[in-house]
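Everything below concerns the one structure shown next.
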Amino acid sequence: MSEQARIIGRGTWLDKVANEIIEREKRLGRDTSLIRVESGLGASGIPHIGSVGDAIRSYGVRLALESAGYKSELIAYSDDFDGLRKVPAGLPEWLKDYIAHPVCMIPDPFGCHSSYADHMSSLLKEALDRLGIEYIFKSGAEAYRSGTLNRQIVEILSHADKIGRKIKEMVGQEKYESTLPYTPLCKSCGRIYTTKAKSFDKEKRTVSYICEGTELGKDFLNGCGYSGEARIEEGLGKLMWKVEFAARWAALDIRFEAYGKELTDSVRINDWVCENILGFPPPYHVRYELFQDKSGRKLSKSSGNLVTPQEWLEYASPESLRLLMFKRIVGARNISIDDIPVYMDEFDELEDYYFSNSRDPNPMKDAKLRGLYEYSMLLKVPERKRLHVPYRLLAELASFAPEGKEVDFVAKRLSSYGIARELDEELKKRIEWASKWAKRGIKEQMPDIQINEQTRKAIIEFANFLPSCKYPEEIQSKAFEVLRANGLAPTDFFPVVYKILLGVNRGPRLGPYIYDMGVERARERLLRAAESQTNN
RNA sequence: GGGCCCGUGGCUCAGCCAGGCAGAGCGGCUGGCUCUUAACCAGCAUGUCGUGGGUUCAAAUCCCACCGGGCCCGCCA
């Protein structure tokens with residue numbers, strides 16, 4: 001119990017993992033002058049929040065290793081030589097002609113990058129850059145081309161029978177008892193996966209193959225019938241997934257890699273291959289749950305619940321996303337863009353804690369909270385607390401701010417509430433995030449309003465008076481003047497006005513609001529609404 | 001067939017990985033401020049922490065079994 005009470009590093013799971021890696025490396029007696037960690041970058045589809053999550057977490061482990069006094073670096077390895085398995089939802093139909101072609105050899109459907117893979121991994125790299133994640137980029141295709149994996153490929157192919165039997169034993173898959181775990185790029189049709197590797201010539205370092213087709217999903221994909229030989233040195237072929245990680249780990253000297261739970265079996269086999277065929281103790285692993293939407297379903301483009309890092313960073317700070325990933329590794333997380341305010345405020349709370357004088361009575365929790373903050377800031381802690389304004393307040397204010405004037409409008413409000421006196425860059429960014437969030441996906445539609453004759457008269461009268469108003473209070477007074485003159489109660493009048501201007505039946509004090517949005521514009525909106533009712 | 005996750009106030013969830021008085025936001029309700037309207041202020045929650053066992057001085061948290069919901073693997077990558 002006393003040894004359990006020891007605080008490791010900064011008290012987070014990142015420190016615990018780093019510590020376990022270090023202990024293990026010492027036990028193995030390996031050189032620890034550089035502890036390299038890896039994260040895979042998928043290149044077969046639009047990157048979602050989980051793809052960057054893997055990299056963010058790996059980078060966190062890197063920081064924790066360095067924090068413990070060990071040099072470390074993160075390799076971001078792009079699977080750009082994988083074949084396209086299906087056309088992702090939302091991408092052009094013509095891509096189906098490229099099924100089973102390596103994604104690095106498919107044209108970019110968006111037309112802005114040199115290939116499909118380049119486009120996808122650029123999105124990922126851009127997100128990582130914005131998140132302050134440092135990494136060394138490696139392209140899988142380039143690794144094959146340059147011979148990085150040659151030694152491992154030869155070892156694996158030389159022991160293919162042994163590996164095939166082991167795979168059968170471990171997961172029951174029989175395929176590799178009769179096929180080499182290597183898929184050459186067909187010299188005739190340019191596809192991988194459709195080729196079946198028949199035999200390996202260790203002397204010539206070639207694989208002979210026939211392009212005979214393969215099952216992909218539910219369909220069978222016909223081969224082109226070509227048969228030929230692939231030389232390992234040319235890099236025109238790749239290892240199958242059940243053994244590819246192992247080759248990478250050994251070739252790049254990887255000591256840690258996290259993985260999502262769907263890869264469990266694959267990692268088990270790769271670990272075995274790494275250890276027993278390549279003689280390299282496999283990296284230390286942590287397994288994490290996949291990110292799901294609020295109803296517990298998998299995030300996917302076709303379900304329309306995809307959360308991309310780009311989207312997140314449009315509405316929220318990089319540190320909020322880093323916090324989400326660092327907070328814990330265990331358990332599943334249901335995430336949704338709707339919850340952005342929660343994550344933003346959570347970060348502010350953590351920052352408040354960090355800079356406050358009160359301490360959690362449990363030293364471990366205290367350490368963890370402080371550590372979590374430091375890691376979320378990538379260990380670059382500011383001098384003092386930044387200004388915190390509840391995200392929902394910003395969003396609320398921005399939601400009825402006149403279009404294009406959100407920042408000024410919200411800043412003015414905050415100032416009048418005494419929350420924030422001046423508008424600095426930090427606050428400006430926050431307002432922009434909250435404002436985009438609040439206004440996301442709203443369709444410009446005239447709300448369905450019932451206006452009775454009395455109210456319509458009052459609204460028209462009020463609207464026509466607006467252009468002559470010079471002060472907010474003038475507008476406010478006029479509103480009451482008009483509604484009384486027409487024998488209306490405030491509840492007959494205001495909700496309708498708000499509904500027309502904002503789409504909801506409540507809102508900010510009317511005078512200043514109309515003043516801010518512009519009297520001409522308000523007049524036009526009110527008249528249009530009042531008149532459209534006449535026609536019904 | 002194998003593995004995993006989730007189940008906490010009306011709703012959405014945090015807390016669980018390193019046990020220490022059951023929490024937050026939203027919604028709702030009451031009152032204040034306001035020329036009724038956003039914001040703001042004060043107040044309001046008798047919660048089987050899915051169920052049943054176990055460990056412990058102490059369990060939402062750790063262990064076992066079960067129930068309900070969901071996911072992954074068992075093609076391929």
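Proteins come first, then strands; the chains are lettered A, B, ... in the order of their sequence lines, and each starts at number 1.
- Of all nucleotides present, only B/G28 satisfies the Watson-Crick or G-U wobble test against B/C44, with each distance under 3.5 Å.
- Rounded to a whole Å, the CD1 atom of A/I99 is 17 Å from the P atom of B/C76.
- Counting to the nearest Å, the C1' atom of B/C13 and the CG atom of A/L324 are 13 Å from each other.
- Among all heavy-atom pairs drawn from A/C104 and A/F81, the shortest one is SG-CD1, 3.8 Å.
- B/G1: Watson-Crick or G-U partner is B/C73, with both key distances under 3.5 Å.
- Interface remark: the A/K261 side chain does form a donor-acceptor pair with the B/C71 base, using a distance-only criterion of under 3.5 Å.
- Of all nucleotides present, none satisfies the Watson-Crick or G-U wobble test against B/A22 with each distance under 3.5 Å.
- Between the side chains of A/S139 and A/D80, a donor-acceptor pair is found at a separation under 3.5 Å.
- Judged by Watson-Crick or G-U wobble contacts below 3.5 Å, the nucleotide B/C62 has B/G54 as its partner.
- One can place OH of A/Y343 at 14 Å from P of B/U12, the figure rounded to the nearest angstrom.
- The side chain of A/E262 has B/C73 as its nearest neighbour among B/C5, B/C75, B/C73.
- Note: CD1 (A/I269) to P (B/C76) measures 10 Å, nearest angstrom.
- Separating the CG atom of A/N362 from the C1' atom of B/C21 is a distance of 15 Å, rounded to the nearest angstrom.
- Ranked by how close their nearest RNA chain B nucleotide is to the 5' end, A/V171 and A/S266 are led by A/V171.
- Atom NZ of A/K365 and atom P of B/G20 are 4 Å apart (whole Å).
- Residues A/Y353 and A/Y373 place their aromatic rings such that the two centres sit no closer than 6.0 Å.
- When the C1' atom of B/A14 is taken as reference, atom CG of A/D345 falls 13 Å away, rounded to whole Å.
- Separation of the C1' atoms belonging to B/U46 and B/G3 is 41 Å when rounded to the nearest angstrom.
- Residue A/K327 places its side chain closer to B/A14 than to any other of B/C75, B/C5, B/A14.
- Taking the C1' atoms as reference points, B/G28 lies 28 Å from B/C35, given to the whole Å.
- Checked by atom type, the side-chain pair A/T194/A/T214 shows no donor-acceptor distance below 3.5 Å.
- Comparing A/W13 and A/L239 by the nucleotide of RNA chain B that holds the closest heavy atom to each, the one mapping nearer the 5' end is A/W13.
- Salt bridge annotation for A/K327-A/E346: present, with a cationic side-chain nitrogen under 4.0 angstrom from a carboxylate oxygen.
- The separation of B/G19 from B/A59, taken at their P atoms, amounts to 13 Å, rounded to a whole angstrom.
- Separating the P atom of B/A39 from that of B/C26 is a span of 10 Å, rounded to the nearest Å.
- With both ends at atom P, the span from B/C11 to B/C49 equals 16 Å, rounded to whole Å.
- Here A/K478 lies out of heavy-atom contact (under 4.0 Å) with every strand.
- At the heavy-atom level, A/Y176 lies under 4.0 Å from the strands shown only through sugar-phosphate atoms.
- Between A/W249 and A/F245, the ring planes are parallel. Angles under 30° get that label, and only those over 60° would be called perpendicular.
- Residue side chain A/T264 does not reach the base of B/C72 through any donor-acceptor N/O pair under 3.5 Å, judged by distance alone.
- For A/K16, counting side-chain heavy atoms from C-beta on, the closest listed nucleotide (B/A18, B/U36, B/C75) is B/A18.
- Nearest to the side-chain atoms of A/E289 among the listed nucleotides B/C76, B/U36, B/C5 stands B/C5.
- As rounded to whole Å, 16 Å separates atom C1' of B/U12 from atom CD1 of A/I340.
- Aromatic ring centres of A/H285 and A/Y259 lie closer together than 6.0 Å.
- Annotation: cation-pi geometry not satisfied between A/R322 and A/Y375 (NZ/CZ under 6.0 angstrom from ring centroid, within 45° of ring axis).
- Residue A/G260 is out of contact with every strand shown, counting any heavy-atom pair closer than 4.0 Å.
- Among the atoms of the strands shown, none is found under 4.0 Å from any heavy atom of A/T214.
- Rounded to whole Å, the separation between the P atoms of B/C13 and B/C71 comes to 16 Å.
- With both ends at atom P, the span from B/U48 to B/U8 equals 11 Å, rounded to whole Å.
- B/A60 and B/G53 are spaced 14 Å apart, taking the P atom of each and rounding to whole Å.
- Nearest nucleotide to the side chain of A/D265, out of B/A18, B/G3, B/C73: B/C73.
- Set against B/C35, B/C75, B/A14, the side chain of A/R328 has B/A14 as its closest nucleotide.
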